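Notes to accompany the following structure.
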Amino acid sequence: MPKGIDWFRQLPECGVHIATSDDATANKVEIETGKPSAIGFIVQAYRAGVLISGDIKASISAGVLTVEDGSTYKITAGDVINWIAF
C-alpha cells in the first residue's frame, strides 16, 4: 500500500493502446503514461483476442512506454496493447 503524503502519485497508471498502421510502419508504439517517475511496467499484447507470447521488446523512460518489434513479434495494426506503469 502506498504511504506518505504523496501516496496518490505512487499509484500505478494503466491503459490500452490499439496499434495503428502508423505504429506498424514505425515498428514501434510510444505511449505517454502520464507517470514520468515510473520505474517499472507490465505489457501484454493481444492479436485477434489471443495473447501474443513472442518476444515483445519494451522499455520506459521519462514516463514514455515504448513497445517495439522483437525478433518474432511484429507490431500489426489492430494489436491490443495493455499496459501498467508504476
Side-chain angles (χ1 to χ4, degrees):
M1 179 72 178
K3 293 183 170 98
I5 195 158
D6 66 341
W7 67 270
F8 189 75
R9 287 184 292 173
Q10 296 176 34
L11 296 175
E13 294 288 338
C14 61
V16 176
H17 177 85
I18 309 294
T20 66
S21 57
D22 288 343
D23 296 331
T25 300
N27 300 317
K28 69 178 177 180
V29 173
E30 292 183 331
I31 301 167
E32 176 56 57
T33 67
K35 191 153 187 73
S37 61
I39 58 170
F41 60 88
I42 298 171
V43 172
Q44 289 183 319
Y46 290 84
R47 183 172 294 151
V50 177
L51 179 63
I52 297 170
S53 60
D55 63 334
I56 298 170
K57 183 177 175 185
S59 61
I60 195 163
S61 178
V64 177
L65 178 62
T66 303
V67 179
E68 301 178 77
D69 288 353
S71 61
T72 58
Y73 170 68
K74 304 299 179 204
I75 295 170
T76 301
D79 285 358
V80 177
I81 300 170
N82 296 317
W83 59 270
I84 299 172
F86 48 91

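Given the structure is predicted, the values throughout are model-derived calculations rather than measurements.
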query: Are there more than 12 heavy atoms of other residues, nucleotides or ligands under 6.0 Å from atom CD1 of Ile39?
result: no

- prompt: Same hydrophobic cluster for Phe41 and Ile84, using side-chain heavy-atom links shorter than 4.5 Å among ILVMFWY?
  reply: no

Ser71 backbone acceptor or donor facing Lys57 side chain under 3.5 Å: no

Euclidean distance, Ile52 CD1 relative to Arg47 CZ, rounded to 0.5 Å: 4.0 Å

statement: In this structure, CD1 of Ile42 is separated from CD of Gln44 (nearest 0.5 Å) by 8.0 Å

message: Which heavy atom of Trp83 sits nearest to which heavy atom of Val16, and what is that distance?
response: NE1-N, 3.7 Å

field: Heavy-atom closest pair, residues His17 and Ile31
entry: CB-CD1, 3.8 Å

query: Closest approach of Ile18 and Asp23, non-hydrogen atoms and distance?
result: O-OD2, 4.1 Å

query: What are the two closest non-hydrogen atoms of Ile60 and Gly40, and how far apart are they?
result: CD1-O, 4.5 Å

- prompt: Quick one: do Val80 and Val29 end up in the same hydrophobic cluster if we chain Ile, Leu, Val, Met, Phe, Trp and Tyr together by side-chain heavy atoms under 4.5 Å apart?
  reply: no

message: With a 3.5 Å distance limit and no angle check, can you tell me whether Thr66 reaches the backbone of Glu30 through a side-chain donor-acceptor pair?
response: no

task: Quick one: closest heavy-atom pair of Phe86 and Pro12, and the distance?
output: CB-CB, 4.0 Å

message: With heavy-atom distances below 4.5 Å as the criterion, would you say the side chains of Tyr73 and Asp79 are in contact?
response: yes

Closest contact, heavy atoms only, Ala77 versus Ala24: N-CB, 4.0 Å

message: Within this structure, what is the CG-OG1 distance for the pair Asp69 and Thr76, rounded to the nearest 0.5 Å?
response: 8.0 Å

field: Inter-residue atom distance Glu68.CD - Asn27.CG, 0.5 Å rounding
entry: 9.0 Å

